Amino acid sequence: MNLILLGPPGAGKGTQAKKLIAEYGIPQISTGDILRKAIQDGTPLGLQAKPLMAAGQLVPDALVVGIVEERLRQADCANGFILDGFPRTIPQAEALDAALAASKRRIDRVISLEVPPEQIVERISGRRSCPKDGEVFHVVTNPPKQEGVCDRCGTPLVQREDDREDKVTKRLSVYEEQTAPLKDHYQRAGLLRQVDGVGTQQHIFESIKAALAG
Ligand code: AMP
């Protein structure tokens, strides 16, 4: 199953992607995670992306399209994949369609997680993540067992620079302007399923599975 998870920052795409990996055995491709790793490693890609990400802006289409094209060629994507945070613009969606068509594949479903903007800031400002293994927590709704450290590896948790409140507003407006139009794009293709992103993680997951089956 070739799947796209759409939704504003903080909608729970990463959390649900992890559950989908476990359920369907297909990999998650998160362009945000790939870019953060590139920044950590100090690669040329990371250097280019860093100031844009810190400002809550998108990195250029050509950069992320290149990353995803390369990733989709890897063997573990042969039986399906979950795109999380890509595409984010219409040109990215068109490039994705072309790349998949070239390997006789197509997107099967697009799940749009719907969360009202007023809930987003609250969700994101409490988000803390592990810089080492990428585990994500929330100070109120999903706290680590020991405050401020990763359950899995004990590394001190950090707040992403672009999760600070002033940056979140910018990211939300970028989402509305550049990414939300993708819903129409995929609606026209008959692929879009909108899922209520408010509720428990498990309830939302059940709704996604129902949307994938229908
Ligand atoms: P995310 O982890 O998906 O919230 O992405 C964090 C940041 O990485 C975004 O605010 C963008 O700066 C950048 N980014 C991630 N994916 C993309 C994409 N598909 N297109 C452009 N920029 C992206």
Side-chain angles (χ1 to χ4, degrees), residues 1-38 45 49 53 57-115 134 171 174-197 201-214:
M1 180 173 40
N2 303 334
L3 184 63
I4 293 173
L5 287 181
L6 265 186
K13 300 186 295 294
T15 303
Q16 294 299 328
K18 299 279 184 303
K19 289 178 170 290
L20 289 163
I21 295 172
E23 178 87 10
Y24 297 105
I26 51 177
Q28 168 195 21
I29 304 174
S30 158
T31 41
D33 284 351
I34 294 169
L35 291 168
R36 277 185 288 278
K37 173 86 171 51
L45 169 70
M53 287 176 73
Q57 291 167 359
L58 296 184
V59 306
D61 288 338
L63 275 188
V64 279
V65 166
I67 294 172
V68 172
E69 282 176 348
E70 191 190 317
R71 184 68 187 84
L72 288 173
R73 278 196 288 273
Q74 291 171 18
D76 65 333
C77 294
N79 293 325
F81 51 81
I82 305 156
L83 284 166
D84 159 11
F86 180 95
R88 261 180 157 95
T89 64
I90 295 284
Q92 288 179 21
E94 288 169 347
L96 173 66
D97 289 343
L100 291 175
S103 54
K104 304 211 163 15
R105 290 180 287 180
R106 60 191 294 277
I107 292 297
D108 298 311
R109 272 282 181 275
V110 178
I111 299 290
S112 176
L113 286 174
E114 305 292 328
V115 178
R171 288 163 67 204
V174 167
Y175 176 79
E176 284 308 324
E177 279 161 31
Q178 305 206 50
T179 307
L182 291 179
K183 287 200 256 179
D184 279 346
H185 176 86
Y186 289 117
Q187 178 80 55
R188 279 195 296 276
L191 299 177
L192 185 78
R193 297 291 180 276
Q194 290 176 283
V195 169
D196 186 358
Q201 291 181 3
Q202 194 55 32
H203 181 77
I204 297 164
F205 184 54
E206 297 302 328
S207 307
I208 292 176
K209 281 197 289 184
L212 291 176

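All heavy atoms count here, side chains included; hydrogens, waters and symmetry mates do not. Everything quoted here is computed from the prediction, not taken from an experiment.
- Side-chain contact between L96 and I4 is present, with heavy atoms from C-beta onward closer than 4.5 Å.
- The distance from the CG atom of L63 to the CD atom of Q92 is 10.0 Å, given to the nearest 0.5 Å.
- The two residues D84 and A17 come nearest to each other via the heavy atoms OD2-CB, 4.3 Å.
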Run the side chain to side chain contact (heavy atoms under 4.5 Å, CB included) test on L6 and E114 for me, step by step, so that the C-alpha distance in whole Å, both residues' side-chain angles and the decisive distance to 0.1 Å come before the verdict. CA-CA 9 Å; L6 265 186; E114 305 292 328; over 6 Å; no

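- A 4.5 Å side-chain heavy-atom check between L113 and I208 finds at least one atom pair inside the cut-off.
- At least one side-chain heavy atom of I111 sits under 4.5 Å from a side-chain heavy atom of R193.
- Only one option out of Q16, K18, K13 pairs with Q28 in a side-chain contact (heavy atoms from CB on, under 4.5 Å); it is K18.
- With values rounded to the nearest 0.5 angstrom, F81 atom CZ is found 3.5 Å from N2 atom CG.
- Of the candidates L58, L45, L35, T89, V64 forms a side-chain contact (heavy atoms from CB on, under 4.5 Å) with just one, namely L35.
- The number of heavy atoms from other shown groups lying within 6.0 Å of CG (N79) does not exceed 12.
- One finds the CD1 atom of I90 at 8.0 Å from the CG atom of D184 (value rounded to the nearest 0.5 Å).
- Under 4.0 Å is where a charged nitrogen must lie from a carboxylate oxygen, and between E206 and K209 at least one such pair does.
- Taking all atoms of both residues into account, the shortest heavy-atom contact from K183 to S112 is CD-OG, 3.4 Å.
- Inter-residue side-chain proximity for I26 and L20 is flagged as unmet; no heavy-atom pair is nearer than 4.5 Å.
- Heavy atoms only, all atoms of each residue included: L191 and D108 are closest at CD2-O, 3.4 Å.
- Considering only heavy atoms from C-beta on, P27 stays 4.5 Å or farther from Q74 through its side chain.
- The shortest heavy-atom contact between I82 and I21 is CD1-N, 3.8 Å.
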Just do the side chain to side chain contact (heavy atoms under 4.5 Å, CB included) check on F86 and I67 with the steps written out, would you? CA-CA 10 Å; F86 180 95; I67 294 172; over 6 Å; no

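- Pairs of residues two or more places apart, or lying in two chains, that qualify as side-chain hydrogen bond (donor to acceptor under 3.5 Å, both in side chains) and include a residue from residues 94-104 are S103-R105.
- Residues P91 and D61 share a closest heavy-atom pair of CB-OD2, 3.4 Å.
- Across R109 and G190, no two heavy atoms sit closer than the pair NH1-O, 4.4 Å.
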